[in-house]
Amino acid sequence: MQDSPLNIVRGRDVSFIKEVEAESGQNVSNCYQCGNCTAGCPAAFTYDMQANQVMRAVQLGLKDQVLHSKSIWMCLSCSTCSLRCPNNIDVASVMETLRHMARRENIVAVPRMDKFWMSFLNTVQAFGRSFEIGTMVLYMLRSLRLTTDVDLAPSALSKGKLGFKPHVIPDGGAKAVGRIFKRYQERAKREGVRP
Amino acid sequence: MNIGYYPGCSAKGSSLDYELSSAAVCRELGLVSSEITDWNCCGSTPAHAISSELSAALCTRNLMQASKQGADVVMTPCPSCLSNLLHAKERMKNPEFRKRVDELLDEPSKEDLPEATSVMQMIGRMYNTGQIAAHVKMSLAGLRIAPYYGCLMSRPADLMNFGDPENPTLMESLLAACGATDILDFPLKTECCGAASGIPHRPLSSVNSGRILELATRMEADCIAVCCPLCQMNLDLRQKQAGRQAKTRFDMPVLYYTQLMGLAFGCDEKELGLDKLIARPDKVVDKIKALNTAVREAQGGKA
Amino acid sequence: MRIGVFVCHCGSNIAGTVDCKAAAESALALPDVVYATDLMYTCAEPGQAAIEQAIHDYNLTGVVVASCSPRMHEPTFRRTVERAGLNRYMFEMANIREHVSWIGKDMVANTNKACELIGMAVAKLRNNRPLYAQRFDITKSVLVIGGGVAGIQAALDCADGGIPVILVEKEPTIGGKMAKLDKTFPTVDCSACILGPKMVDVAQHPNITLYACSEVDDITGYVGNFDVKIRRKATYVDWSKCTGCGTCTEKCPSKKVPDRFNENMGLTTAINIPFPQAIPKRASINPQYCRKLTTGKCGICAKVCPTKAIDYTMKDEIITVKVGSVIAATGYDLMDWTVYQEYGGGKYPDVITSLQYERLLNASGPTGGHIVRPSDGKEPKKVVFIQCVGSRDKSIGRPLCSGFCCMYTAKQAVLTKDHIPDSQSYVFYMDIRAVGKLYDEFTRRAIEEYGTEYIRGRVSKIYPDGNGQYVVCGVDTLLGQRIEVTCDLVVLAVGIEASHGASHLAEKLRISYDQYGFFLEGHPKLRPVETNTAGVFLAGVCQGTKDIPSSVAQGSAAAAKVLALFSRDKLENDPQIAHVNPARCVACGKCIRCCPFGAIKEETFRGQLKAKVIDTVCQGCGICTSTCPQGAIQLSHATDNEILAEVNLLCQY
Amino acid sequence: MPVLEGKELRIVAFLCNWCSYGGADTAGVARATQPTDLRIIRVPCSGRIDPLFVLRALLNGADGVLISGCHPNDCHYSAGNFYARRRLEVLKQFLPILGIDDRRFEYTWVSASEGQRWQQVVTSFTQRIHELGPAPRLEDAEPLLEMADMALKPLRPLGTGQKAPLDELKACIKSKIKDLDVVIGWQQGYDAAHTVPLFMRTEEDVDRLVWGPFNVNNPATYVNEMIGKAVPLDKVKKIGVVVKGCDSRSIVEMLQEKLIDKDNIVLFALPCEGTFDMARIDRELGRYSKIDKVEYDEAGVTITADGTPHRFCITDYAQGKCYNCSMPLAKDADDIFGTAPEITGTPSTPPELAMLDAMTLEQRFSFWKGEMDRCLRCYACRNACPLCVCKDYCIAETREPHFISQEWNVREKIYFQYIHAMHLAGRCTLCGECQRACPVGIPILALRQQLVRIIGQLFDYKSGMDSTATPPLLCYKVEETNIKQREL
């Protein structure tokens, strides 16, 4: 809840609009608010701001509001919005751009999504390939949601679908992947953004 | 054409059955490829969710490995991996982006990275209906199949090159070549199942996969045919969760299209990983057998 | 040559940033300039008088006025010099207002530029020649292409004004789209009741010749004298014998023919009359489905026809007519909405177009005015209307608003409630565009009195739910939520495009058209009925989206233009046209190939082939002049030498 | 008139009356501030703008030339801007080979309502010209002389053509000569190493017909004056022409342009194995008083002059065009004898053009200054051209219209040569007669080679190949797939 009416003159951040447009390659002023992005969005019911509202807020340059939105974390990247947009805007790319920008500014509105992604990537960093059990364990520890999907474990395990051992790439590939991550993290540190 | 095979991580874990059945189908058809020896994870959704550059770096390494072993084209069963590989290849055309990615790699990227495509498209490209039909030992005629592609396979249309992004039909043609006659016109075939949020936000996947399972059930499908490991896991492994969300119980076998093709080709069920499915596919297998027996008897009767 | 230069101050409009006095003085140094002065308001009465006086006093043979744009006052000053006895083409203008004083404040640069522009005008004028218009006879009759409501109105008004009218309609009946409608907004009066009498008037008017089932094959000529070739398509029925009794349609055994008039919502017979009020009320055979014509075995209609009108051997016939003017009223067609795969791309039977719905509502339609679902014939209780399908959608290349869908959707929602009182209608809309008289009030009634749910948002997908109903996935952007409606019938307000084939007709008429095939008017505001081809006028939706009252109004407006044109017995041509110098022409024919108007022909001149411009056809574009390698064909008033004089004045180092 | 020193550059604009001039007016009415350099010439239509106006302006010292017309599909005359787009695009791509920066020339579309766009067009174009600075002047350029390296690989084996079925051809001509006024071919000239045109009227004349690598002339050059459109109707003849593949393209082009009537001409064809570059042979022979004999072998000839034998291998001494020839045998001839050899490989860039391609803009500008300064304006190039059908009324020698003066300076010489080239755009078949005829050896063929290359790339078109095709500058497409206009 806001405690005063939104002042769209003071709240407007023009450089934010330009930055979003440059990074996503989309012209946000093309949006005429038909709402088709929202109409087809499979994650719409989890959003605090609907996709069309995110687009509107970007048009108005409301940086704070947008970057603190949970929606940009809940987006499934399924591109239905981009496919159906009558103005050829790649809405999914705008959502992704906003998420990248939020992370860079260290704004994480849905920590468990970030934790899940990082858990996944940490296993990749370690072994070069992803490894379901490893991801799950890491995620459960980090999110303190120790019962996540444990109901699935028996059936999955019995079918041999989840391996207990990670797959390690032969020929030192795992190390090469580790180096990619390391360089990425170092660069993020250098640039002062969240890796 | 030298085809490099990129299995993707789930092939070694949750979608072992996809891997097995794809291999069986390719073997039957004579589609030869060699696995990229040193492949790594494409980064899947988490990588591009946090950074396009990291995602591109992971994918570019794979494409370079493929290139080193002389592949002109990289083929993968997983739409998510394919989408990441293609996005990376496209973004690397931008010199600034390329420079940033090269900073992350051990060696600078090559200008001409190999093409990437899906196993399904490769089969479609290399074999016509007649060539596929020639391998069929047990027709899929009469089996009511709901084809389901998921959201990644056909879009973005200009990148994935998979026909009409709203209404792809390649899977139908492959199954039809295997004799399938009752392929449903499944309206939700490209809707997102929500798998990407399966772990961190269960309702998101339950609601969306529930809707798909519900319509397939209502349309009296015998099974759903899929081509994406994430979709399969979501619709099959999480079928109970979806049922709980929708206050019902689903009993819908969710098979990879390669498993169906493999059954038609007369492959061994174990070889196709049918035992790995949670929702039992027995009634599907039984129905195929029964229908084929009936046809054979009818023909025998006539003769 | 004796040239006078007049530099206008235009009050302070020019003099504010140009030293007009200095500019006039500098002009005196130019060759042939014998007089130069600056005036306060050259276009005003005293200014014009000063020019006339100077022409007399200094025996001027040419005049340059440096003032505003020639697009503004060139005609004014041409009349001025003509009054003083000069030829109107011995006059040039230098545009030192729009192109100088209004676009910069640098007095030095502006004055220098003004002097150069005056220099260019003088240089051109020194190469000018007097030109004289020619008068020619005209044919006082008009061709109206398209028999929709706009064409009907134009034809009736011209005919009432005493002008013979030839009305060409490609369908077997006139009436156009309006004849298919059930009711019209915002009055909800019966479409057939208001259009029917007009259609009958067309049939009965002594000044109107109607060619239905006909198309314009070719048009040549120019304003006042067009030669038109009309193709009368074979109907396999001799219309001079047919009485429209309908016996043949009753007996025809080929009964599974898609009914085009009913927008394929029902079936008809291979020989048929489109609808009971058709004008002309004559039967025609659809050769694609006629058993006699496809298999050679049948001939029932010929046997039962009481007047022996059936003729299976009929061929297309070409007739030639001469007219002095043309009114294009070719209307529109719906765009191909099946590109919307997310709406089923046409494979769901209960997802239909608004025009199809109109036929369901219509008492003379395939269901006798009962609204039923095409799939199972049941009455729908929940009806969803989706607006802007194929309008305002850049992703399929159609950013235009079709203009009247908002209104007819409201009307159809109202009629749905009238037909099925326990029904509920939902309208997905982006904006309600209801700008006509009583329009907004009407949409409010649809909402307030008829309980139509208006939902602001587009629809992302429609799919059958497996239980015989359809799920419409939309959004309510006012609520900020994704919403779904389960319904029995979906009506799409499909966007319009110009009538199929309009662009081909435009090329025959030599008028311009936009990317959707709509014809371009002469000026978007001041010449909305004219085209840039003299003698060709526009009526109705062929020019751009319009509702019925606007179409009728433009039909009358086009007729007024024709009547005004024909109020004179002879027309005058513009002498700024091309001329061939036979001494230099080698008859290579390049000009003939390039002329967009067919205005150049080959003729024998003293035993040799030469090009020859047809004065009355030439429009003065000059493509021929820039095409002719040896400069043998010159566009008067824009000759090579006139343009080169300007180039050489500017570029001489 | 001089420009404002140090402040303005000379920028000339041609605007169509209906759209762009109106757009400039709209900008003025809106008081849209613009740079003062631009001078507008008002023309009825962009289709009226002869590319030669632009060349005239650029040669006479304009620093930039801007053209603006109605947007495609909006032309007041329905198609003028479509023609303009093709012609102006060809001009734009032609300028660099002349050593003129093509950024000094631009064409664009502005409608009468687009005042703001006009302001932006003027501003950005003026800014562009100021960034480029004043245009280089011919007077200031240092002449540069350079020779092209003629070494090329042929697309088929070259030879001396002595196995061609000449006798069969002669028999055929004899059987038809009664119905023809004349048949054009070649006969031995003043010695065995040169040929001159042969005009056959009797069967005896036919016996003098020769075939071989000395048949360098293009007989199509004589066709227009015998059966062209300008010939008085009662004097039109019925003629026959013996053609090499390249010669036939000139005639096909004339048919394409409807300059001659197919009914009046019969083509006889033999397979050509290449012709000699006589300029190089004469250079090699040096001064001599008499050719004693010419002996043929399969790969070349041995010319004995003043008792000294000189061996010339055809592969080393062929005309430039022969190496790139992919049609040694006319395919549209009425009577064809012999068979065409197989063509392997694709044509390479002609040597004259390759030399220019390797130069900078400044070098090309200097090169043409040096070369054209030697032009005598003898018009031999024009008179040798089979497609210069208006040579008797050439604009080089008239004041109606007065494009070019008789002033003896390099500017007017250059302008004449550029006019000649532009008049051949989309028509020239690269028969090379112009360059062969030039008494001072200016490589003017390079200009035509560039135009042929441009036309090929823009319109996917090769002249003189199909008598039913429309020449590309006499037609247009609504959507031009290969024309990529620059944004302004």
Side-chain angles (χ1 to χ4, degrees), chain A residues 40 42-43 45-46 73-74 76-80 82-83 90 96 99-100 103 110 112-121 124 127-132 135-136 139 143 148-149 151-152 155-156 159-163 167 169-174 176-177 179-181 183-184 187-188 194-195, chain B residues 9-10 12-17 37-41 43-54 57-58 61 65 100 103-106 150-152 154-157 165-166 190-204 207-208 211 233 237-238 240-241 275-278:
Chain A
F45 68 93
T46 66
W73 296 87
M74 298 309 295
L76 290 160
S77 304
C78 73
S79 301
T80 310
S82 309
L83 175 65
D90 188 347
E96 184 154 294
R99 182 168 58 239
H100 293 167
R103 280 189 98 263
V110 187
R112 64 171 191 271
M113 292 306 285
D114 195 52
K115 282 177 186 147
F116 170 63
W117 293 334
M118 291 318 290
S119 305
F120 181 93
L121 293 173
V124 178
F127 305 115
R129 290 180 191 166
S130 69
F131 158 48
E132 285 100 345
T135 304
M136 288 294 287
Y139 174 65
S143 62
T148 303
D149 281 336
D151 54 332
L152 300 178
S155 45
K159 298 286 179 184
K161 282 209 158 192
L162 299 179
H167 310 278
I169 319 180
D171 308 331
V177 173
R179 285 195 292 275
I180 291 177
F181 275 93
R183 289 189 201 106
Y184 170 72
R187 185 166 76 186
R194 187 189 180 90
Chain B
C9 302
S10 51
K12 303 296 175 192
S14 54
S15 70
L16 197 56
D17 36 356
T37 46
D38 206 20
W39 63 269
N40 60 271
C41 174
S44 193
T45 310
H48 76 75
I50 70 159
S51 162
S52 316
E53 288 157 5
L54 178 62
L58 292 170
R61 182 178 176 276
Q65 292 298 115
R100 298 269 301 168
E103 284 175 19
L104 303 180
L105 296 170
D106 281 351
C151 58
L152 286 170
S154 63
R155 55 197 191 234
E166 294 281 2
T190 61
E191 292 295 297
C192 176
C193 69
S197 290
I199 294 174
H201 195 96
R202 185 188 295 180
L204 191 42
V207 167
N208 286 295
R211 175 195 290 260
M233 188 164 73
L237 186 60
R238 294 181 184 279
K240 275 205 189 103
Q241 292 178 354
D275 55 324
K276 309 273 178 200
L277 300 176
I278 313 290

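Residue numbering restarts at 1 for every chain, and letters A, B, ... go by the order of the sequence lines.
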Pick one of side chain, backbone, both or neither for [X], based on which atoms fall under 4.5 Å of a heavy atom in chain B.
| X | value |
| --- | --- |
| A:Y184 | both |
| A:R103 | side chain |
| A:F127 | neither |
| A:M74 | both |

Taking only residues two or more places apart in sequence or in another chain, which ones pass ring pair (Phe, Tyr, Trp, His ring centres under 6.0 Å) with A:Y139?
A:F116
Carboxylate-amine/guanidinium contact A:D114 A:R194, below 4.0 Å:
yes
Any ion pair linking B:E166 and B:R155 (charged N to carboxylate O, less than 4.0 Å)?
no
Taking all heavy atoms of [X] and all of [Y], pick out the closest pair and write down the distance.
| X | Y | value |
| --- | --- | --- |
| A:H100 | B:S52 | CE1-OG, 3.2 Å |
| A:R183 | B:D106 | NH2-OD1, 2.5 Å |
| A:T135 | A:S119 | O-CB, 3.7 Å |

What I'd like to find out is whether the side chain of B:L54 reaches to under 4.5 Å of the side chain of A:F181, using heavy atoms alone.
yes
Among [options], residue most engaged with chain A (heavy-atom pairs, under 4.5 Å):
| options | result |
| --- | --- |
| B:D17, B:N208, B:T37, B:L152 | B:N208 |
| B:T190, B:I278, B:I50 | B:I50 |
| B:P203, B:A49, B:S197 | B:A49 |
| B:P165, B:A157, B:S51, B:A57 | B:S51 |
| B:C41, B:C9, B:P200, B:C151 | B:P200 |

Atom group of B:Q65 that falls short of 4.5 Å from chain A, counting heavy atoms:
neither
Let me know if B:R211 has heavy atoms under 4.5 Å from chain A in its side chain, its backbone, both or neither.
neither
When heavy-atom pairs shorter than 4.5 Å are enumerated against chain B, which of A:P195, A:A174, A:G40, A:A176 gives the highest number?
A:A176
Given A:R187, A:M113, A:R99, A:E96, the one with more heavy-atom pairs under 4.5 angstrom with chain B than any other is A:R187
With no hydrogens and no angle check, just 3.5 Å: does a side-chain donor-acceptor pair link A:R129 and B:N40?
no
Side chain to side chain donor-acceptor pair (under 3.5 Å) filter on A:D90, not counting sequence neighbours, yields A:S82
